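Because the structure is a prediction, the values reported are computed rather than measured.
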Amino acid sequence: EKENIEAMKGPLKKLLECLQKTIQRKDVDQFFAWPVNDVIAPGYSSIILHPMDFSTMKRKIDVSEYTSIEEYKSDFLLMCENATIYNRPETIYYKAAKRLQAVGLKCMNKEKVSILKRTFG
Ligand SMILES: COc1ccc(OC)c(-c2cc(C(C)=O)n3cccnc23)c1
């Protein structure tokens with residue numbers, strides 16, 4: 001039973017690594033590459049209680065913490081939503097989050113995911 005679950009995670013891991021590479025390429029300013037800290041964003045840790053960033057998502061992929069693409073997608077949406085909560089609409093961060101969210105959802109739409117699932121087994 002455990003082996004089957006482990007075996008299942010191989011393909012999912014490859015799929016998520018491929019997805020993250022594609023989506024993260026769009027974050028050219030690397031605003032989402034690392035955790036936001038209170039030095040660059042005053043009060044961030046008291047406003048955003050569930051921070052998320054690409055490096056954290058990468059670590060979760062590497063340790064097979066995601067058991068489905070849906071789990072990965074919810075971390076991705078959390079990351080984008082945090083930026084639209086903390087930052088005001090006119091800021092570059094808010095706009096970058098909206099753009100990134102649109103790109104990510106296009107990559108993770110139903111059709112694409114089923115193709116990816118077939119490709120990665
Ligand atoms: C200006 O250069 C950087 C470099 C890294 C950043 O986050 C990892 C950010 C950054 C990223 C964010 C986000 C994503 O909310 N942010 C908010 C306020 C102030 N700075 C940021 C900016």
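- Each of Leu12 and Ile115 belongs to its own hydrophobic cluster when Ile, Leu, Val, Met, Phe, Trp and Tyr are linked at side-chain heavy-atom distances under 4.5 angstrom.
- By the salt bridge (charged side-chain N to carboxylate O under 4.0 Å, His left out) test, Asp75 pairs with Lys60, sequence neighbours left out.
- We find the OH-OG distance between Tyr86 and Ser46 to be 8.5 Å, quoted to the nearest 0.5 Å.
- Looking at heavy atoms from C-beta onward, Met52 lies out of side-chain contact with Phe76 at the 4.5 angstrom threshold.
- Judged purely by atom type and a 3.5 angstrom limit, Asp38 has no side-chain atom pairing as donor or acceptor with the backbone of Pro42.
- Of all non-hydrogen atoms in Phe32 and Ala96, the two that sit nearest each other are CE1-CB, 3.9 Å.
- Not a single donor-acceptor pair under 3.5 Å links the side chain of Asn87 to the backbone N or O of Thr84.
- Note that CG of Asp53 is 14.5 Å distant from CZ of Phe31, once rounded to the nearest 0.5 Å.
- Scanning both residues, Val36 and Ala41, for their nearest heavy atoms gives CG1-CB, 3.5 Å.
- Cluster annotation: Ile47 and Ile40 are assigned to the same hydrophobic cluster (Ile/Leu/Val/Met/Phe/Trp/Tyr, side-chain heavy-atom contacts under 4.5 Å, transitive).
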Return all side-chain donor-acceptor pairs below 3.5 angstrom for residues 15-22, not counting sequence neighbours, or 'none' if the list is empty.
from: Gln20; atom 1: OE1; to: Tyr72; atom 2: OH; distance (Å): 2.7
from: Gln20; atom 1: NE2; to: Phe54; atom 2: O; distance (Å): 2.9
from: Thr22; atom 1: OG1; to: Cys18; atom 2: O; distance (Å): 2.9

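- A single hydrophobic cluster is seen to contain both Met57 and Leu78, as judged by linkage of ILVMFWY side chains at heavy-atom distances under 4.5 Å, directly or through other members.
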Check against side chain to side chain contact (heavy atoms under 4.5 Å, CB included), Leu105 and Leu77 | CA-CA 9 Å; Leu105 287 177; Leu77 293 175; 3.8 Å; yes
Please assess Arg59 against Glu65 for the test side chain to side chain contact (heavy atoms under 4.5 Å, CB included), listing each intermediate value before the final yes or no.
-> CA-CA 8 Å; Arg59 187 184 49 72; Glu65 205 166 319; 4.0 Å; yes
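- Annotation: side chain of Val113 is not in contact with side chain of Lys73 (no heavy-atom distance under 4.5 Å).
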Side chain to side chain donor-acceptor pair (under 3.5 Å) between Ser74 and Glu70, intermediate numbers included = CA-CA 6 Å; Ser74 66; Glu70 286 70 24; over 6 Å; no
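- Both Ile61 and Ile69 belong to a single network of hydrophobic side chains, linked directly or stepwise wherever heavy atoms of I, L, V, M, F, W or Y lie under 4.5 Å apart.
- Looking at Arg99 and Lys26, their side chains never come closer than 4.5 Å, going by heavy atoms from C-beta outward.
- Contact of the Ser55 side chain with the Pro35 side chain is registered, since non-hydrogen atoms from C-beta on lie closer than 4.5 Å.
- Using a 4.5 Å heavy-atom threshold, the side chains of Tyr44 and Asn37 count as separate.
- No donor-acceptor pair under 3.5 Å is formed between the side chain of Lys13 and the backbone N or O of Ser64.
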Please assess Arg88 against Tyr93 for the test side chain to side chain contact (heavy atoms under 4.5 Å, CB included), listing each intermediate value before the final yes or no.
-> CA-CA 8 Å; Arg88 305 181 63 79; Tyr93 307 115; over 6 Å; no
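- Distance check: Lys58 NZ to Gln24 CD gives 9.5 Å after rounding to the nearest 0.5 Å.
- A continuous path of Ile, Leu, Val, Met, Phe, Trp and Tyr side chains, each step under 4.5 Å between heavy atoms, connects Tyr66 with Ile23, placing both in one hydrophobic cluster.
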